[in-house]
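A short write-up of the structure that comes next.
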Amino acid sequence: MDKSYSSATEADIYRSWEKSGAFTPKIDKSKTPFSIVLPLPNASDPMHMGHALFTIQDILVRYHRMLGDPTLWLPGADHAGIETQFVFEKKLQKEGKSRFDYDRQTLYKMIWDFVEENRILNQFQMKKLGFSMDWTRYHYSLEPKIVDNVLLTFKKLYDDGLIYRDEKIVNYCTHCGTAFSNLEVVHKTVYSHLWYIKYGLLTVATTRPETMLGDTAIAVNPKDKRYKNLIGKKILLPLVNREIPIIGEESIDIKFGTGAVKVTPSHSPEDYDIAKKHNLEFIRIFDYDGKSNLNVPEKYRGYFPSQVRQMVIDDLTAVGLIEKIEDYSHEVGHCYRCGCPLEPITAPQWYLRIAPLAKPAIEAAQNGDVKFFPSRFKKAYLTWMESIRDWNISRQIVWGPRIPAWYCLDCHPDIKLNFLDKNKNIVTGFYKDLKDKYSFEEIKNGLQSLIAPVDAKYIVDCSSKIENCPNCHSTSLLQETDTFDTWFLSGQWPLNTLGFNPKDPSKSSPDFAYFYPTSVMDTLWDILFFWVARMIMFGLYLTKEVPFKTVHLHSRVVDAKGQKMSKSKGNVIDPLVMTEKYGTDALRMSLVYGIAPASDFVVSEDKIRAQRNFVNKIWNASRFVLMVVDKFPKVGASLAGAQITNPDDISILTNLNKIITSTTSDINRYHFGQASENLYQFFWHDFCDIYIEKAKDRLDPSKPTGEVGEEDVVPVLLAVLITSLKLLHPFIPFVTESVYQILREKLNLDEAQLITASWPEVLSF
RNA sequence: GGCUGUUUAGCUCAGUUGGUAGAGCGCAUCGUUUACAUCGAUGAUGUCGGGGGUUCGAGCCCCUCAACAGCCACCA
């Protein structure tokens, strides 16, 4: 053995595990399985420290495998719709291109190829980190079977009356060109102003003067004595000269501003509700590209909101209608992806009626069918779930499965189309205006997007085999160009990767019957609502069972300043670089050692180095033990026959039993930080510093007072070492397996590999 | 606005049935013809955020204040 541990053998060890079939469980109905579905990494995302924290799952998996449970850890990758398209568009931008230069099929193919390279790399990287995943069961979110199932789920939801289209106010990013769900909105404090604008009979206060071009009413509280007698009257909207009514609305805060609110139904969520209630007119001014292309006086047409704002303020000032301007800060929704302010806008979108799915998901948490660790996340989950609103599942991007709904162009000539003609020029317009000029094929082949009126009829068809409109028999059918929110797909991940059969659940695969519900879902809390909650809802909806019995939320890696690591901040520590430098075991140990559950923690090179030293300590203690074994070849290796009377032996074996008990219970309770810290202390301090140092004297005949105690010492050394290796294996699999193989060869040990060896039980001596 | 965390040695942080304060890194002194300098021995530094309470006893339970962080949220 070399003087210090080298991680160069890691790849060989991993290969031998994989080859031995240790990662692939055998279904044994007499045993209770243990299963974890990996929180699928984004296929476009290179490995970062967050992924390295899958170590937690590997610890659980390796522990259960050693307990003898049929253990499955199912790996996969997610196409990650918006995330990936955003990354790809940035790449396009660098090349001087944009998404508008391609029809959707071409764009899709380009993104596919872009992702594929990294997706393969991710698998290699996860192997580098020692993760004992069952690669024979690997899945990718865009593989046909997974997508088929997702479409069938959509169909079932539709048949159950839970899917609808509606043209509500949505969170729309004009930069990314898509709507988002509420969860994807990032609220930021914006320091702005409150403009007081004279509207004839009264003055309104607003943070968004530019939207006045789309005002269709003024609302006051009917209890407001100042304005009570104005309700029902009309005023002339400045700059636009449109007559709009003054209405009474109880939700208006009398104390805020002037107590009078301009109502812009198409560009403000609150105003939208008011307008629905009072049957007001909806006038959109901003189009999906963010510009004021619609329904505004000619001079304001074609500008972004900030530009329109300045023009409006200037013009109002010129005619003396700005009464005053106050400083004001408020929360404004921003795009979580690109950071731009979102434009509230009315747009037709696909919604999932969520209340019927949320109800059982709430009950499952309340009655303990699904448990949360740490338990405080149960409250967060319930709070969110209890105030959940319908989920906008449609995204106006190409990267992802399209919603399987088909429109008939001949029934709906007012469908708006964007496509590239055969000369690659962008054409935009209503079908009725284009159909004489372009063939259906040309439109279909060059299609970028379509927008169907909210009341358009559609046919839901998962097989994509539909050819004729059932109404008019036209063959000019186009599929919805909206794609699914990624989480709609990944929300069904545990089901679909395990072989759930949505057409006939009783015909689901043996894997599904055996491993579902899975044992633990381990992830970071930042996707508790995005993903964990959705999986619970889908799982219960489709199978009446929770997808996992326990949700374990792990810690978050931050940099030395406590900030989340991100490429843009330039503060990332690349786990694979650390692996190269200090070995995988050192990295893994540093990610769990002494860390409290679900806390933020700093990973630094110092810490990794410290754990590298620990790994080396194990290596060298093993060298010492082997040296002793060589020196006393006649001494039996088994503890079974030895008489334990020496206080040093009794002491170390007592401590060993304690550490067996505590490690087992700590892993069972997800106290990985505690478990690893105790093991570290036991091995380094109790075993190396105390026991081995004393053993040296006991084995040295030249010491005048020393007794030669090899009959006891050798078996104890071996028992403690081998047991420690087993206990440490889930945390630091490579060095432990490496040492074990050397010991096995020398001592003819029964168990072929540590990865499948039995978990230690308390010794009697 | 609602909710949740955090505050312990110079730094980063452990510390769940309440019982004489811990680790890693760093620091100081010494040691080592060896399993390991990726080492060993010894040592220093803490009114466990402030205040109050419960208790024989509180870092740990309760109340309160403060600072910091995060999550959720359609109020102009």
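Chain naming here is simple, since letters A, B, ... match the order of the sequence lines and numbering starts at 1 in each.
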Touch class at under 4.0 angstrom, heavy-atom based, for A/His187 against every strand present: base
Whole-angstrom distance between B/rA35 and B/rG40, as gauged at atom P: 14 Å
Whole-Å distance separating the CG atom of A/Leu553 from the P atom of B/rG5: 13 Å
A/Phe624 side-chain proximity, nearest of B/rA35, B/rU38, B/rU16: B/rA35
Touch class at under 4.0 angstrom, heavy-atom based, for A/Phe614 against every strand present: nothing
Nearest listed nucleotide, side chain of A/Asn616, among B/rA73, B/rU38, B/rG24: B/rU38
Proximal nucleotide (of B/rC25, B/rA35, B/rG15) relative to the A/Asp606 side chain: B/rC25
Touch class at under 4.0 angstrom, heavy-atom based, for A/Tyr593 against every strand present: sugar-phosphate
Side chains of A/Ser622 and A/Leu743 in contact at under 4.5 Å (non-hydrogen atoms): no
Which nucleotide in B/rA35, B/rU38, B/rA14 has an atom nearest any side-chain atom of A/Ser599: B/rA14
Atom C1', compared across B/rU38 and B/rC25: separation rounded to whole Å: 14 Å
SB check A/Lys581 A/Glu605 (cutoff 4.0 Å): yes
Whole-Å P distance, B/rU45 and B/rU7: 24 Å
Sugar-phosphate, base or nothing in reach of A/Ile169, heavy atoms under 4.0 Å: nothing
Given B/rG70, B/rA35, B/rA14, the nucleotide with the shortest approach to the side chain of A/Ala596: B/rA14
P-based separation of B/rC3 from B/rC65 [nearest Å]: 13 Å
A/Tyr680-A/Phe614 aromatic ring centre distance below 6.0 Å: yes
Ring centers of A/His552, A/Phe672 separated by less than 6.0 Å: yes
Ring centre gap for A/Phe683 and A/Phe687 strictly below 6.0 Å: yes
Position toward the 5' end of RNA chain B (nearest nucleotide), A/Asp689 or A/Tyr680: A/Tyr680
For B/rG2, the Watson-Crick or wobble counterpart (both distances under 3.5 Å): B/rC71
Base paired to B/rU20 (Watson-Crick or G-U; both N/O distances under 3.5 angstrom): none
Touch class at under 4.0 angstrom, heavy-atom based, for A/Gln681 against every strand present: sugar-phosphate
Charged tip of A/Lys378 within 45° of A/Phe372 ring normal and under 6.0 Å: no
Charged N-O contact under 4.0 Å between A/Glu249 and A/Lys277: yes
Separation between the C1' atoms of B/rU8 and B/rC48, rounded to whole Å: 4 Å
Touch class at under 4.0 angstrom, heavy-atom based, for A/Tyr5 against every strand present: nothing
A/Asn613 side-chain proximity, nearest of B/rU12, B/rG15, B/rC39: B/rC39
NZ/NE/NH1/NH2 to OD/OE distance under 4.0 Å, A/Asp606 and A/Arg609: yes
d(CD, A/Glu677; P, B/rC25) in whole Å: 12 Å
Touch class at under 4.0 angstrom, heavy-atom based, for A/Tyr328 against every strand present: sugar-phosphate
Residue closer to the 5' end of RNA chain B, A/Cys688 versus A/Asp526 (nearest nucleotide): A/Cys688
Separation of atom NZ in A/Lys188 from atom P in B/rG70, rounded to whole Å: 13 Å
Identified pairing partner of B/rG49, criterion: Watson-Crick or G-U wobble below 3.5 Å: B/rC65
Same-atom distance (P) from B/rA69 to B/rU12, integer angstrom: 15 Å
Distance, rounded to the nearest Å, where A/Trp384 contributes CH2 and B/rA73 contributes P: 8 Å
A/Asp273 CG to B/rC75 P, straight-line distance once rounded to whole Å: 11 Å
Nucleotide B/rC39, atom P - distance to CD1 of A/Ile692 in whole Å: 15 Å
Sugar-phosphate, base or nothing in reach of A/Arg612, heavy atoms under 4.0 Å: base
Whole-Å P distance, B/rG59 and B/rG49: 10 Å
Aromatic contact, A/Tyr328 with A/His330 (centres under 6.0 Å): yes
Distance, C1' atom - from B/rG18 to B/rG57, rounded to whole angstrom: 8 Å
Nucleotide nearest A/Lys617 (side chain, heavy atoms from C-beta), chosen from B/rU38, B/rA23, B/rA35: B/rA35
Heavy-atom donor-acceptor pair, A/Lys696 side-chain to B/rA35 base, under 3.5 Å: yes
Sugar-phosphate only, base, or nothing, as touched by A/Thr383 at under 4.0 Å among non-hydrogen atoms: nothing
Euclidean distance, atom NE2 of residue A/His671 to atom P of B/rA23 [Å, nearest integer]: 21 Å
Among B/rC71, B/rU4, B/rU12, the nucleotide that comes nearest once only the side chain of A/Lys379 is considered: B/rU4
Euclidean distance, atom CZ of residue A/Phe601 to atom P of B/rA69 [Å, nearest integer]: 21 Å
From B/rA35, B/rC75, B/rU38, nucleotide with atom closest to A/Asp253 side chain: B/rC75
Mate of B/rU54 where both pairing distances stay under 3.5 Å, Watson-Crick or G-U: none
Proximity to the side chain of A/Gln674 - top-ranked nucleotide from B/rG5, B/rG15, B/rA73: B/rG15
